[in-house]
Amino acid sequence: AAKLPDLYQVIFYCQQLHTNYGGLVYPSVKDMSPIRVNIDGFPSLNFYLFFINFSKPIKVRNKDFINSVKKTFSIN
């Protein structure tokens, strides 16, 4: 699960980079969909937890991660 210092760090970087999109990436042993996190005081921040299935080969998990980010943030 996301730890408070991790959230604060990503919020800081989002503010420094003037973006409303942020996320943290966690390892997993199964496929999991991204989870949206609502952070009090930052209603416009689109913040997600992403998961990488480390039981898959590296090429597959890299491609899955890229596609997950693109789909979540509506990037073509």
Side-chain angles (χ1 to χ4, degrees):
K3 303 234 185 303
L4 196 54
D6 296 334
L7 293 175
Y8 280 123
Q9 185 174 17
V10 174
I11 292 168
F12 170 79
Y13 284 117
C14 287
Q15 290 175 331
Q16 294 299 307
L17 297 170
H18 306 288
T19 184
N20 290 328
Y21 297 93
L24 291 171
V25 181
Y26 290 99
S28 179
V29 292
K30 62 181 182 176
D31 289 326
M32 296 176 63
S33 297
I35 298 172
R36 182 175 172 115
V37 177
N38 296 312
I39 303 172
D40 289 341
F42 299 92
S44 65
L45 184 60
N46 295 298
F47 189 86
Y48 287 85
L49 302 180
F50 293 94
F51 302 92
I52 296 178
N53 184 345
F54 273 72
S55 67
K56 293 183 175 181
I58 192 164
K59 278 184 140 182
V60 173
R61 63 185 185 226
N62 287 347
K63 185 176 179 182
D64 288 350
F65 174 66
I66 290 167
N67 289 335
S68 179
V69 170
K70 285 180 172 182
K71 181 179 176 187
T72 301
F73 293 130
S74 300
I75 300 169
N76 292 327

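For clarity, every value in this text was computed on a predicted model and none was experimentally measured.
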**OP:** Only counting residues at least two apart or in another chain, list the ones meeting ring pair (Phe, Tyr, Trp, His ring centres under 6.0 Å) with Y21.
**Re:** F73
Original post:
By the rule that ILVMFWY residues connect when side-chain heavy atoms come within less than 4.5 angstrom, directly or transitively, which residues belong alongside V29?
Top reply: none
Original post:
Do Q15 and F42 have side-chain heavy atoms sitting under 4.5 Å apart?
Top reply: yes
Original post:
side-chain hydrogen bond (donor to acceptor under 3.5 Å, both in side chains) with N38: which residues, sequence neighbours excluded?
Top reply: R36
**OP:** Consider only side-chain heavy atoms of I, L, V, M, F, W and Y, link residues closer than 4.5 Å, and tell whether I35 and I11 are in one cluster.
**Re:** yes
**OP:** Using the test side-chain contact (heavy atoms from CB on, under 4.5 Å), find all partners of Q9 that sit at least two apart in sequence or belong to another chain.
**Re:** Y13
Original post:
What pairs with S33 under side-chain contact (heavy atoms from CB on, under 4.5 Å), at least two apart in sequence or on another chain?
Top reply: none
**OP:** With sequence neighbours excluded, give me every salt bridge (Lys or Arg N to Asp or Glu O under 4.0 Å) pair touching residues 3-14.
**Re:** none
**OP:** Go through the structure and list residues passing side-chain contact (heavy atoms from CB on, under 4.5 Å) with S68, not counting sequence neighbours.
**Re:** P34, F50, T72
Subject >> 4.5 Å side-chain heavy-atom contact, L49 and Y26 >> reply: yes
Subject >> Residues forming a side-chain hydrogen bond (donor to acceptor under 3.5 Å, both in side chains) with S55, sequence neighbours excluded >> reply: N53
Subject >> Nearest-0.5 Å distance that lies between atom CD1 in I52 and atom OG in S28 >> reply: 10.0 Å
**OP:** Kindly give the heavy-atom pair with the smallest separation between L7 and A2, and that separation in Å.
**Re:** CD2-CB, 4.0 Å
Original post:
Can you tell if the side chain of F47 reaches within under 4.5 Å of the side chain of L24, non-hydrogen atoms only?
Top reply: yes
**OP:** Could you identify which residues cluster with I66, counting Ile, Leu, Val, Met, Phe, Trp and Tyr as linked when any side-chain heavy atoms lie under 4.5 Å apart, either directly or through a chain of such contacts?
**Re:** none
Original post:
Going by the salt bridge (Lys or Arg N to Asp or Glu O under 4.0 Å) test, which pairs reach into residues 44-64, not counting sequence neighbours?
Top reply: D31-K56, K56-D64
Original post:
Going hydrophobic residue to hydrophobic residue with side-chain gaps under 4.5 angstrom, can you get from F54 over to V25?
Top reply: yes
